[in-house]
Trainee: 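One structure coming up, written as structure tokens, with questions to follow.
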Amino acid sequence: MEKEQPIITGCDRGLCKHAVGRQDRQLNTYDWLADVPGNVDTTDLVEVQFKNTRKGYYHNVNKLDLKKGDVVAVEANPGHDIGVVTLTGRLVELQLKKANLKSADDIKRVYRIARPVDMEKYQEAKRREHATMIESRQIAKGLGLKMKIGDVEYQGDCNKAIFYYIADERVDFRQLIKDLAATFHVRIEMKQIGARQEAGLIGGTGPCGRELCCATWMKNFVSVGTSAARFQDISLNPQKLAGMCAKLKCCLNYEVDDYVEASRRLPGKDILLQTQDSDYYYFKADILAGLITYSTDKNIAANLETITAQRAHQIIDMNRRGEKPESLQEDGNRTVAEGPIDLATQENINRFDRAKKKKKKKKPVNGERSNQKAKNTAAPSTDAQ
């Protein structure tokens, strides 16, 4: 007798509610293996997220029944920290490879599910963070250090505080650590971050209308160069290419490989196309669509003709054989050049004037003639004399 397969419940059209978990946290990962039987039993590793974008990986040595969204107390140095489980099962091992942990000793243990006493102390630590950040900035300014403290994160047991700072140059903050430890009576850890990491900590909405990638799913940052914009034929405008962090947008790297592959099918920009009536120079191209626009003038747009990359290669081969086609178009016809459009002739400018409402004529009183009727020109009578 065959063994019955377990019935999977709680899912609809491939989306599982257990895979989504808490959506109010940054860097949320959709666990697409959450509804697979035995997924949690494949490993004892769990992913725990703390404030903002900081994540850690821990061993569930006590075999706790952990699910996405559980608040747990984990091992820290020293004491313990409080975080939220964001991932369990087989996907944690894949996330662990992306984290680039140097040694297995960096993976600590999960102690327990957070108790009410742990949560009270955790809330107390969170209430101290903003005031600590403001005061620490004043201390750094008093020492004359060229740095900016962007955020402060207290450990769940209030025994340690992480100060995230931004600095363009090397900073000697040994005296700062002494002053901070004497002021706040905690263990101090200074962590330098860049402009991209700061944008992820603060969060916000990008020019695309969606939440910043660095604040939602991006954890590892890859350098972005202006070559990515050149490959995609994007105008090198610093104001449009820069993101919220004042650096080049990370999304410039998303499609650059497709543009590089598609641009290989296009002829070179310096190749001249010759026809019987004129010479054509490269003007612009729609790389993904494979369309190229040529101009009869090398510097300005004149008599523009748009053809496919395949047609351009045909003309190049013809020119190499000493042949010249009648025109760039395959049918031999030439695109009629459109003159400048005069917007004033397109529509009547009086459209902006609002038509005045006509006042209703009052009916004349018996024995009286209306003044308005008296002013009107009388129509010629058609009665017979």
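By convention here, the first residue in the shown sequence is residue 1.
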Trainee: Could you list the residues that satisfy salt bridge (Lys or Arg N to Asp or Glu O under 4.0 Å) with Lys160, not counting sequence neighbours?
Mentor: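 Scan of Lys160 (salt bridge (Lys or Arg N to Asp or Glu O under 4.0 Å), adjacent residues dropped) gives Glu189.
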
Trainee: Answer yes or no: is there a donor N or O on one side and an acceptor on the other, between the side chain of Asn39 and the main chain of Arg90, under 3.5 Å?
Mentor: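 Yes, Asn39 side chain to Arg90 backbone: donor-acceptor pair under 3.5 Å.
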
Trainee: Taking it one step at a time, do Leu304 and Tyr294 satisfy side chain to side chain contact (heavy atoms under 4.5 Å, CB included)?
Mentor: CA-CA 6 Å; Leu304 298 180; Tyr294 287 91; over 6 Å; no

Trainee: Taking Ser295 for its side chain and Ala302 for its backbone only, find out whether a donor-acceptor pair lies under 3.5 Å.
Mentor: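 Yes, Ser295 side chain to Ala302 backbone: donor-acceptor pair under 3.5 Å.
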
Trainee: Can you find a pair of side-chain heavy atoms, one from Glu93 and one from Thr42, that are under 4.5 Å apart?
Mentor: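 The answer is no, as the side chains (C-beta and beyond) never meet within the 4.5 Å cut-off.
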
Trainee: Applying salt bridge (Lys or Arg N to Asp or Glu O under 4.0 Å), name anything that partners Arg109, two or more places apart in sequence or on another chain.
Mentor: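 Salt bridge (Lys or Arg N to Asp or Glu O under 4.0 Å) check on Arg109 returns Glu75.
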
Trainee: Is a side-chain donor or acceptor of Lys249 paired with a backbone partner of Lys240 at a separation under 3.5 angstrom?
Mentor: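 Flag set: sc Lys249 to bb Lys240 pair under 3.5 Å.
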
Trainee: For a side chain to side chain contact (heavy atoms under 4.5 Å, CB included) check, start with the C-alpha distance between Leu288 and Tyr259, then their side-chain angles and the critical distance, and finish with the verdict.
Mentor: CA-CA 7 Å; Leu288 297 182; Tyr259 276 89; 3.6 Å; yes

Trainee: I'd like to check the side chain to side chain contact (heavy atoms under 4.5 Å, CB included) partners of Asp258; sequence neighbours left out, ordered by chain and number.
Mentor: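 Side chain to side chain contact (heavy atoms under 4.5 Å, CB included) check on Asp258 returns nothing, list empty.
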
Trainee: What I want to find out is whether Glu261 reaches Arg264 closely enough, with some N-O distance under 4.0 Å, to be called a salt bridge.
Mentor: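 A salt bridge links Glu261 with Arg264.
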
Trainee: With heavy-atom distances below 4.5 Å as the criterion, would you say the side chains of Arg210 and Thr216 are in contact?
Mentor: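 No, too far: nothing below the 4.5 Å cut-off.
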
Trainee: Check whether any side-chain N or O of Arg196 sits under 3.5 Å from a backbone N or O of Cys245 as a donor-acceptor pair, and report yes or no.
Mentor: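 Here the side-chain-to-backbone pair does not exist.
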
Trainee: For the atom pair CG (Asp70) and NZ (Lys68), what is the distance rounded to the nearest 0.5 Å?
Mentor: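 Reported value, rounded in 0.5 Å steps: 12.0 Å.
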
Trainee: Taking the side chain from Asp81 and the backbone from Gly156, do they hold a donor-acceptor pair closer than 3.5 Å?
Mentor: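 Yes.
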
Trainee: Around His130, counting heavy atoms of other residues, nucleotides and ligands shown, do more than 12 lie under 6.0 Å from its NE2?
Mentor: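 No, NE2 of His130 has 12 or fewer neighbouring heavy atoms, counting only those of other groups under 6.0 Å.
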
Trainee: How long is the span from the CD1 atom in Ile307 to the CG atom in Leu328, to the nearest 0.5 Å?
Mentor: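 Ile307 atom CD1 to Leu328 atom CG measures 5.0 Å (nearest 0.5 Å).
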
Trainee: Hey, are Glu129 and Lys126 close enough for a salt bridge, meaning a charged N less than 4.0 Å from a carboxylate O?
Mentor: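 Counted as a salt bridge, because a side-chain N and a carboxylate O are separated by less than 4.0 Å.
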
Trainee: Identify whether the distance between the nearest side-chain nitrogen and carboxylate oxygen of Asp151 and Arg54 falls below 4.0 Å.
Mentor: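 No salt bridge links Asp151 with Arg54.
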
Trainee: Which atoms form the tightest heavy-atom contact between Gln155 and Ala76, and what is the distance?
Mentor: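 Answer, listing the atom of Gln155 first, then Ala76: OE1-CB, 3.5 Å.
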
Trainee: Nearest 0.5 Å, what's the NZ-CG distance between Lys284 and Leu291?
Mentor: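 Separation between the atoms: 10.5 Å.
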
Trainee: Is Glu47 reaching over with its side chain to a backbone N or O of Lys55, donor-acceptor style, under 3.5 angstrom?
Mentor: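 No; zero donor-acceptor contacts below 3.5 Å.
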
Trainee: Could you walk me through whether Lys121 and His80 pass side chain to side chain contact (heavy atoms under 4.5 Å, CB included), step by step?
Mentor: CA-CA 11 Å; Lys121 203 163 189 178; His80 69 272; 5.8 Å; no

Trainee: About how many Å separate CG of Leu66 and CG of Leu87, when rounded to the nearest 0.5 Å?
Mentor: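 Leu87 atom CG to Leu66 atom CG measures 12.0 Å (nearest 0.5 Å).
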
Trainee: Counting distance only, does the side-chain N/O of Lys51 pair as donor-acceptor with the main-chain N or O of Val152 below 3.5 Å?
Mentor: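 Side chain of Lys51 to backbone of Val152, a donor-acceptor pair under 3.5 Å: yes, one is there.
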
Trainee: Should the heavy atoms of other residues, nucleotides or ligands under 6.0 Å from CD of Gln310 be counted, would the total exceed 12?
Mentor: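 Incorrect, the count does not exceed 12.
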
Trainee: Out of curiosity, Glu153 CD to Thr132 OG1, how far, rounded to the nearest 0.5 Å?
Mentor: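 Glu153 atom CD to Thr132 atom OG1 measures 12.5 Å (nearest 0.5 Å).
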
Trainee: Say whether, by atom type as modelled, one donor and one acceptor occur between the side chain of Gln192 and the main chain of Arg170 under 3.5 angstrom.
Mentor: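 Not confirmed, Gln192 side chain does not pair with Arg170 backbone.
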
Trainee: Ring-plane angle category for Trp217 and Tyr254, please: parallel below 30°, perpendicular beyond 60°, tilted otherwise.
Mentor: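 Answer is tilted, since the angle falls between 30° and 60°.
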
Trainee: Looking just at side-chain N and O atoms, do Thr275 and Asp277 make a donor-acceptor pair shorter than 3.5 Å?
Mentor: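 On atom types as modelled, these side chains qualify, holding a pair under 3.5 Å.
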
Trainee: Just wondering, do Ile292 and Pro267 contact through their side chains at under 4.5 Å, heavy atoms?
Mentor: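 Counting from C-beta outward, Pro267 and Ile292 do come under 4.5 Å.
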
Trainee: So for atom OH, which belongs to Tyr282, do other residues, nucleotides or ligands contribute more than 12 heavy atoms lying within a distance under 6.0 Å?
Mentor: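 Yes, because the 6.0 Å sphere around OH of Tyr282 holds more than 12 heavy atoms from other groups.
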
Trainee: Taking salt bridge (Lys or Arg N to Asp or Glu O under 4.0 Å) as the definition, give me every residue that meets it alongside Lys141, ordered by chain and number, with sequence neighbours left out.
Mentor: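 Once residues adjacent in sequence are excluded, Lys141 has no partner under the salt bridge (Lys or Arg N to Asp or Glu O under 4.0 Å) criterion.
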
Trainee: In chain order, what residues pass the ring-ring contact (aromatic ring centres under 6.0 Å, His included) check against Phe173, with sequence neighbours excluded?
Mentor: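 Phe173 satisfies ring-ring contact (aromatic ring centres under 6.0 Å, His included) with Tyr165 once adjacent residues are dropped.
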
Trainee: Is any side-chain heavy atom of Pro325 closer than 4.5 Å to one of Gln314?
Mentor: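 No - every pair of side-chain heavy atoms lies 4.5 Å or more apart.
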
Trainee: Would you compute the distance between atom NZ of Lys247 and atom SG of Cys214 and round it to the nearest 0.5 angstrom?
Mentor: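 Between atom NZ of Lys247 and atom SG of Cys214 there are 13.5 Å.
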
Trainee: With a 3.5 Å distance limit and no angle check, can you tell me whether Asn62 reaches the backbone of Leu64 through a side-chain donor-acceptor pair?
Mentor: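 Looks like no, no N/O pair under 3.5 Å.
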
Trainee: Is there a side chain to side chain contact (heavy atoms under 4.5 Å, CB included) between Tyr164 and Gln197? Walk through the geometry before answering.
Mentor: CA-CA 10 Å; Tyr164 298 93; Gln197 287 83 353; over 6 Å; no

Trainee: Counting only heavy atoms not in Asn237 (residues, nucleotides, ligands), do more than 12 fall under 6.0 Å from its CG?
Mentor: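 Counting neighbours around CG of Asn237, more than 12 heavy atoms of other residues, nucleotides or ligands fall under 6.0 Å, so yes.
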
Trainee: Using links of under 4.5 Å between side-chain heavy atoms of ILVMFWY residues, direct or through other members, which residues join Leu248 in one cluster?
Mentor: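 Taking Ile, Leu, Val, Met, Phe, Trp and Tyr as members, Leu248 shares its hydrophobic cluster with Val224, Ile234, Leu236, Leu241, Leu252.
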
Trainee: Are any side-chain N or O atoms of Asp41 and backbone N or O atoms of Gly38, one a donor and one an acceptor, separated by less than 3.5 Å?
Mentor: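 Not at all, since once roles are kept as given, no pair shorter than 3.5 Å links the two residues.
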
